[in-house]
Amino acid sequence: MLFAVLTNDGIELNMNTIEIIAKKREHKKLTPTEIKYIVQNYVAGKIPDYQVSALLMAIFLNGMDYEETFILTSEYIKSGEIIKFDNISKPLIDKHSTGGVGDKISIILAPIASACGIAVPMISGRGLGHTGGTLDKLESIPGFRVNYSPIEFKYLVEKNGFAIISQTDKLIPADKKIYALRDVTATVSSIPLITASIIAKKIAEGIDGLVVDLKLGTGAFIQTEEKAEELSKNLIHIGKDFNKKVNVVVSNMNAPLGVAIGNGLEIIESIEFLKGNLSKKDSHYTDLIELTYFLVAEMLLMGNIVNTIQSAYSMINKVIANGTALQKFKTFVQCQQGNPNVIDDYSLLGKAKYKIPITINKKGYICAIDSKEIGLAMIDIGAGRKVLDSKLDYSAGAKIWGKIGDEIEKDETIGYLFCNNAYGEKSAERIRNAFKITELPVKRQKLIKKIFKREQITNSTNS
Ligand code: URA
C-alpha cells in the first residue's frame, strides 16, 4: 500500500509498506523516514494489522541498530502527548518490569514508594505473551478504570501521589496499538521493540528517573545473560539520550514470583503484602518481598529520599507497619473508580468454580521450573489473552508455592489451579510437567542477578 508521510521538513513522501517490510526481511537498516512513516500511518489506521505484523516479525528476527531503536522510540513518543507535572515537587520516579509470571510488584510498590515520598506516575501494560499485565490485574477489581486523559492522569497523581493507567489514544497510542499486536503475533521478545515500548511510555509519563526490573529466566522474555546485558545497556543509553536517569536491576524469573498467578489472585496477594501479612520468614514469599523492597529502595535512593539501602528498608517497614501504604492503595482504588471494599472482602474479586491440585508424583528436589509453560497454562484457562479482544476470566489462576531448591515428597501438592473452563485438567498437567525434580539437593538461586547503573555505563550512545 502506498501512503503519504510528511517529513520533518514538511516534505510529503510516497512510500511502499511492502518495500519497507521486504527491506527489514533482508536485514537492511530502515531510514528515520521509513520508521516515521510506519508508526504515523499505523496509528492513523492507514496501514493494516497484517502488514505491521509482518514488519514486527522481520524486526523480531533481524533486529534494529541503536539509531533505528532511537528513532522508533522517538516516533512512539511523538505519537501522543508528554505529561508535565508542574505542581509536584516530589521526585517523579517509576519502576517498570519487562514482564514475568506472578509479577504483581507494581501494584505493591507504587503505594509503598508513594507513602515514602516519591510521586509515581505509572503507565503500565496489559498481559503480554505468557506474562501477566498490571492493568489486567487491576481491572479484576470491580469498577476499576485504567483509561484516563492526560489531564485526569495528572490530577490523579497530584491527588494521591501515584496512579496506574494504560496507554491511550493521547498517551503513546503507538505503543498501545503495537503492544497489543505484538502480544498476539509472538513478537514480544525483541530488544528494540521492548526498549521503544518501555522508554516511550516512561518519557510520556514525565518522570525524572526510572528503575527497570529486567526479568531473566524461564518465565521472562529474556533468557540469556548476554541479552539481559544488551537490553539493560540499550535502556540506559536510550534513556540517557532522552535525558532520563535509568537504572536496571536484572532479577531471576526462573520461578513465578510469590505464590499467586492470575489477575484476581494476584490482587489478593498484593493486598496481603500491604497489610503486612506476608512473612519474610515464609520461604514462599521471600522472592516477592526481597525484590519489592530492593526495587522501592532503588527508587528512594534515585529520588534522594534516603542515602542508604538500610534507611530505605526501615522506611518501607514503617509505612507498611503503620498502614500508610495500605491507605494509599485504598485511596488509589477509590480515585480510579474501583470498589475499595475488596481490601476487606476478597469475595468481590470472584471465585473460580474448579480447584485442581498440582501434585508431583516424584520424591526429590525441585531443580527447574518452566515458568513460561505456567504462563501459557494461564492463557488456556482464560487468565491471559489468545487474541486481541479475548475476554479475561479474572478469577482464573493458580497458587503455586513450590520453589527451586524445595524438597518434596512423592505426590506432594505444590499448588492449586483455579478455573471455570474445561481446560483445567490439561492446564494442571501442563503445570505439573513444568516442574523438574532431581534426587540430589539443589541450591536456591540468586534473586537479584545484576544491577546496571547509569553512571557505570560510560560509553556514549548513537553507536
Ligand atoms: N513491557 C513493556 O512495556 N513493553 C514491552 O515490550 C515489554 C515489557
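Only this structure's heavy atoms are used, side chains among them; waters, hydrogens and symmetry mates stay out. Here the structure is a predicted model, which means the values were calculated and not measured. As the structure lists them, so they are numbered: ligands from 1, and atoms in each ligand from 1.
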Undergrad: So, K95 side chain and V296 main chain: donor-acceptor pair closer than 3.5 Å or not?
TA: no
Undergrad: Hey, which atoms in ligand 1 end up nearer than 4.0 Å to a heavy atom of I198?
TA: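 Selected atoms, number and element: 1 (N), 2 (C), 3 (O), 4 (N).
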Undergrad: Between D380 and R430, does at least one N-O distance fall below 4.0 Å, as a salt bridge requires?
TA: yes
Undergrad: Can you report which non-hydrogen protein atom sits closest to atom 7 (C) of ligand 1, along with the distance?
TA: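 For atom 7 (C) of ligand 1, the nearest protein heavy atom comes out as L128 CD2, 3.6 Å.
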Undergrad: Whether D183 and R126 form a salt bridge (side-chain N of Lys/Arg under 4.0 Å from carboxylate O of Asp/Glu) is what I want to check.
TA: no
Undergrad: For ligand 1, indicate whether the residue T98 contacts it via side chain, backbone, both or neither (heavy-atom separation under 4.0 Å).
TA: backbone
Undergrad: State whether K170 and E81 are salt-bridged, where the test is any N-O pair (Lys NZ or Arg NE/NH1/NH2 against Asp/Glu carboxylate O) under 4.0 Å.
TA: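 Looking at E81 together with K170, the answer is no, because their closest N to O distance does not fall below 4.0 Å.
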Undergrad: Give a yes/no on ligand 1: does S97 have at least one heavy atom closer than 4.0 angstrom to it?
TA: yes
Undergrad: Between the main-chain N or O of V259 and the side-chain N or O of E269, is there a donor-acceptor pair closer than 3.5 Å?
TA: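 Checked: pair present.
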Undergrad: Can you name the atoms of ligand 1, numbered from 1 with element, that are less than 4.0 Å from a heavy atom of K201?
TA: 2 (C), 3 (O), 4 (N)
Undergrad: Have a look at ligand 1 and work out which part of Y179, if any, has a heavy atom under 4.0 Å from it: side chain, backbone, both or neither.
TA: side chain
Undergrad: Give the atom numbers and elements of ligand 1 that come within less than 4.0 Å of a heavy atom of H96.
TA: 1 (N), 2 (C), 3 (O)
Undergrad: Are K176 and D169 within salt-bridge range, i.e. N to O under 4.0 Å?
TA: yes
Undergrad: In ligand 1, which numbered atoms sit nearer than 4.0 Å to a non-hydrogen atom of R182?
TA: 5 (C), 6 (O)
Undergrad: Just which atoms of ligand 1 are under 4.0 Å from any heavy atom in S197?
TA: 2 (C), 3 (O), 4 (N), 5 (C), 6 (O)
Undergrad: Calculate, to the nearest 0.5 Å, the distance between atoms CG and CZ belonging to L278 and F273 respectively.
TA: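 The distance works out to 6.5 Å.
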